[in-house]
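Both ligands and their constituent atoms are indexed starting at 1 by order of listing. Quick caveat: nothing in here was measured; it's all calculated off a predicted structure.
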Amino acid sequence: MNFDEQFLVREAMLARENSYSPYSGFRVGAALLTESGTVYCGCNIENAAYSPTNCAERTAFFKAVSEGERKFRAIAVAGDTDDYLYPCGVCRQVMAEFCSFQDFVVICVKSETEYKKLLLKDLLPGAFTKSDLQKI
Ligand code: THU
């Protein structure tokens, strides 16, 4: 199914504006599209103790999941540099919990017109998932 990827890219870039990143100065925004068409945005939220920091992607996922959403189509992620922003490993693992490896699209944004579309299966090959827990 098609979706408005340009809209998602713009929403991710807008979400970046709310970034709370006083320690790194590195702002990130994400826009997560559900199967039903709702978009949840998120930004990175840092902390003086560093490790409680939450990435933009996980902020978007946790907002959506906490509202009852479980099915997702795509996420756009926009960083604060003049380069493509790829999700960190922890965020890829969170995507693996809820998303189809074959179908979920990750849009790595460089600018409003330059972005790469990748599938989760290519970003997290050999993932550990809930199916592994059923092997015991
Ligand atoms: N960050 C994200 O929000 N998403 C990523 O995928 C990579 C890193 C944030 C975390 C931290 O606030 C800042 O970028 C620098 O690592």
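- Remark: side-chain polar atoms of E46 are paired, donor with acceptor, to backbone N or O of Y23 under 3.5 angstrom.
- Note on ring orientation: taking the six-membered ring where Trp is involved, the planes of F98 and F72 are perpendicular (angle over 60°, cut-offs 30° and 60°).
- When the heavy atoms of R92, E57, E46, R27 are ranked by distance to atom 11 (C) of ligand 1, first place goes to E46.
- Residue-ligand proximity, V28 to ligand 1, at heavy-atom distances under 4.0 Å covers atoms 1 (N), 2 (C), 3 (O), 4 (N), 9 (C), 14 (O).
- Below 3.5 Å of separation, one finds no N or O of C91 facing any N or O of ligand 1.
- Ranking protein heavy atoms by distance to atom 9 (C) of ligand 1, first place goes to N44 ND2, 3.6 Å.
- Counting only distance, with no hydrogens or angles, the side chain of Q6 and the backbone of E112 share a donor-acceptor pair below 3.5 Å.
- Ligand 1 has P87 within reach: a non-hydrogen atom of the residue lies less than 4.0 Å from it.
- A salt bridge does not link R92 with E57: every distance from a Lys NZ or Arg NE/NH1/NH2 to an Asp or Glu carboxylate oxygen is 4.0 Å or more.
- The residue among Y20, F26, Y23 with a heavy atom at the shortest distance from atom 14 (O) of ligand 1 is F26.
- Listed by number with element, the atoms of ligand 1 under 4.0 Å from a non-hydrogen atom of Y86 are 6 (O).
- Of the N or O atoms in A56, one or more lie within a sub-3.5 Å distance of an N or O in ligand 1.
- Of all the heavy atoms in S19 and N44, the pair that sits closest is OG-OD1, 2.6 Å.
- Stacking of K63 on the aromatic ring of Y40 is not recorded, the 6.0 Å distance cut-off and the 45° axial limit not both being met.
- Under 4.0 Å from ligand 1, heavy atoms of C55 appear from its side chain as well as its backbone.
- Across all non-hydrogen atoms, the minimal contact from F101 to L119 is O-CB, 4.2 Å.
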